[in-house]
Amino acid sequence: MSFSGTERFEKRADSGVHGRISVLGLGYVGLPVCAALASRGFEVIGVDVEPRIVETINTGRIHIVEPDLDMLVQAAVASGKLRATLKAEPADAFILAVPTPFLDGHKPDLSYVKQATETIAPLLKKGDLVILESTSPAGTTEQICAWIGAKRPDLLMPDPMREKADINIAHCPERVLPGSVLRELVDNDRIIGGISPACAERAAGLYESFVKGEMHLTNARTAELAKLVENAYRDVNIGFANELSAVCDQLGVNVWDLIALANRHPRVNILSPGPGVGGHCIAVDPWFIIAAAPSQTPIMRAARTVNDGKPEQVFRKVKAAAERLRAPVIACLGLSYKADIDDLRESPALHIVERLANEGTGQLLVVEPNLRVLPKSLAGSMSVKQAELGDALKSADIVLLLVDHRQFRRVDRELLKLKIVIDTRGLWN
Ligand code: SAJ
């Protein structure tokens, strides 16, 4: 393989890794990876810093909402192939799936990656494989090499210019879509970026145990940037759709009809406007590129500004509608950052409901089928109550659809007839 280029990995009968695999970080990425590896017969040790998560998994249950993951984890734990622990243990391969958020000023925060790297450094032995799955700024995998090298001068670190090394280190960015994680984990192509070609080969050898998609080998930096670019591309496309929704509001055009028509062109594919862009990926990752090349990224920055500004626009629309009523009751449908999951990270829906509560914009009846209780930021507010869908629709003057959960698709349109409806997702268009 030319190491500045890319190469398709030819699958082998035998995956180059045997024995024990340790996955650090048991969240939306790490836990499904544990389950997939355990289902392939590996002995998997999942490590997390949160005792509640470790206990939950060890009883065969899961702490997140993700279709079918509960069954897979239950089977893996029952078969003895998966166990969770607070303290890392020696293994033959280590997969880091820890958060990579940003700090104030949108600078990447690599502290979790550093902490995980320093946790495993003393446990490494010759022949081990270290894989970074967390979405990371360009240069992070090289940084991992440097961190391990500083702690373990006895180990020969991999180097692109050298064949020999005591351990292999690669970046294999996760690309799974929350809500479809198990299918995408198996079916999606993978990009595997090695510090050296041998590192990429080793890592691909592990993933071939459960990945049906193609594996594309490259260097670590290209793999890091490719992952960021995928999410930045989506952010820019959603930003365009959100900008169109503001244009349409001004010109009195239905944005959903407009986009559907424009998308009939064979080379146009505009995404959907919404209440803003949430989640831990698309709202975060473009900043890792912008921070690295600030003057080269005006389009990515503009998309971030448009998408971050959308929740405030929705808030103002609801406020204006509420001000026309005496004691408005507002049904707020959905809190998570997108449909059919329980994830509240960077959720525009949550942000909008918090804003309405803080401004005292009427009585808020919040319907979120994926949460048993309201998040802390809302639970203490006198004007906010959790409600069932039917009750909320019956009592509401304003129906604010924030998330296109499947439960909301089936709503009887008759119930909406005499209400002010603000549908931020175009679900009822
Ligand atoms: N959204 C819109 N309009 C759209 C599509 C999405 O407003 O047309 C909003 C969603 O409601 C949500 C946000 O954007 O608030 C992000 O949702 P998403 O479904 O686009 O993406 P994520 O964040 O759930 O997952 C993304 C995926 N990346 C791409 O599709 C390029 C996934 O494949 C990645 O693995 C994931 O980021 C990640 O972990 O990086």
Side-chain angles (χ1 to χ4, degrees), residues 25 27-33 64-67 97-102 132-137 171-191 213 223-246 255-256 259-260 262-263 269-289 300 303-304 306-311 313-314 333-352 401-405 408 423-427 429:
Y28 292 87
V29 171
L31 186 56
V33 169
I64 51 180
V65 173
E66 180 59 44
V98 293
T100 44
F102 55 58
L132 174 68
E133 276 228 16
S134 317
T135 306
S136 301
H171 178 49
C172 183
E174 60 86 9
R175 296 164 114 186
V176 287
L177 193 71
S180 311
V181 166
L182 291 182
R183 184 176 50 76
E184 293 213 346
L185 194 58
V186 172
D187 290 347
N188 286 3
D189 283 11
R190 296 297 293 239
I191 300 174
E224 286 157 347
L225 196 56
K227 167 61 201 262
L228 299 177
V229 162
E230 290 162 15
N231 281 353
Y233 167 81
R234 197 158 165 83
D235 195 47
V236 167
N237 195 335
I238 299 167
F240 182 67
N242 279 334
E243 186 165 294
L244 289 181
S245 76
V255 69
W256 315 102
I259 291 175
N263 282 349
N269 184 17
I270 306 168
L271 291 178
S272 305
V277 168
H280 40 105
C281 309
I282 297 198
V284 174
D285 300 349
W287 289 113
F288 293 175
I289 308 178
M300 291 186 226
R304 283 285 68 242
V306 169
N307 290 335
D308 278 351
K310 197 67 202 293
Q313 281 174 23
V314 174
L333 308 191
L335 282 183
S336 60
Y337 85 85
K338 66 175 194 175
D340 304 325
I341 57 170
D342 67 336
D343 195 336
L344 295 176
R345 284 175 290 178
E346 317 287 331
S347 170
L350 176 61
H351 180 80
I352 292 162
L401 183 106
L402 291 166
V403 187
D404 43 346
H405 289 314
F408 304 154
D423 174 2
T424 67
R425 300 278 182 175
L427 189 70
N429 184 45

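Each ligand, and each atom within it, is numbered from 1 in the order the structure gives.
- Of all the heavy atoms of V176, the ones lying under 4.0 Å from any atom of ligand 1 belong exclusively to the backbone.
- When all heavy atoms are compared, the tightest approach of N237 to N269 is ND2-O, 3.2 Å.
- Ligand 1 has an N or O atom lying under 3.5 Å from an N or O atom of G278, backbone or side chain.
- Interface atoms of ligand 1 facing C281, defined by a heavy-atom separation under 4.0 Å, are 23 (O), 36 (C), 37 (O), 38 (C), 39 (O), 40 (O).
- The proximity of R425 to ligand 1, defined as any non-hydrogen pair under 4.0 Å, is limited to the side chain.
- The option with the heavy atom closest to atom 1 (N) of ligand 1, from among D285, I238, N242, is I238.
- Residue contact annotation: E346 has no non-hydrogen atom under 4.0 Å from ligand 1.
- The closest donor-acceptor contact from the side chain of R425 to the backbone of L402 lies under 3.5 Å.
- The atoms of ligand 1 that sit less than 4.0 Å from any heavy atom of E230 are 31 (C).
- For the residue pair N307 / D235, a side-chain donor-acceptor distance below 3.5 Å is found, with atom types taken as modelled.
- Between E174 and ligand 1, at least one N/O pair is under 3.5 Å apart.
- Between K227 and ligand 1, a contact under 3.5 Å exists for at least one N or O pair.
- Considering backbone and side-chain atoms alike, H280 places every N or O at 3.5 Å or more from each N or O of ligand 1.
- In summary, the atoms of ligand 1 found under 4.0 Å from a heavy atom of P178, numbered by their order in the structure, are 24 (O), 25 (O).
- Ranking the protein heavy atoms by distance from atom 24 (O) of ligand 1 puts Y337 OH, 2.5 Å first.
- Checking only distances, L271 never comes within under 3.5 Å of ligand 1, N or O to N or O.
- Evaluation of the salt bridge (Lys or Arg N to Asp or Glu O under 4.0 Å) test over residues 178-190, restricted to residues two or more places apart or in two chains, returns E133-R190.
- A donor-acceptor pair under 3.5 Å links the side-chain atoms of K227 to the main chain of E174, judged by distance alone.
- Counting only N and O atoms by type, the side chains of K310 and S245 include a donor and acceptor under 3.5 Å apart.
- Residue, atom and distance of the protein heavy atom nearest to atom 21 (O) of ligand 1 are I282 CD1, 3.5 Å.
- Protein heavy atom closest to atom 18 (P) of ligand 1, with residue, atom name and distance, is R234 NE, 3.8 Å.
- If you take CZ on R175 and CD on E230, they are separated by 4.0 Å, rounding to the nearest 0.5 Å.
- Within 6.0 Å of the CZ atom in F102, the count of heavy atoms belonging to other residues, nucleotides or ligands exceeds 12.
- Protein heavy atom nearest atom 33 (O) of ligand 1, with residue, atom name and distance: R175 O, 2.9 Å.
- When only non-hydrogen protein atoms are considered, atom 31 (C) of ligand 1 lies nearest to N231 OD1, 3.2 Å.
- The backbone N or O of V98 lies less than 3.5 Å from a partner atom in the side chain of S134, making a donor-acceptor pair.
- Separation of atoms CG (D343) and CD (E66) is listed at 10.0 Å; rounding is to 0.5 Å.
- Panel note: side chain T100, backbone S136; no donor-acceptor pair is recorded below 3.5 Å.
- Looking at atom 4 (C) of ligand 1, its nearest protein heavy atom turns out to be S272 O, 3.5 Å.
- Taking CG from L335 and NE2 from H351, the interatomic distance works out to 13.0 Å, rounded to the nearest 0.5 Å.
- What sits closest to atom 19 (O) of ligand 1 on the protein, heavy atoms only, is K338 NZ, 2.9 Å.
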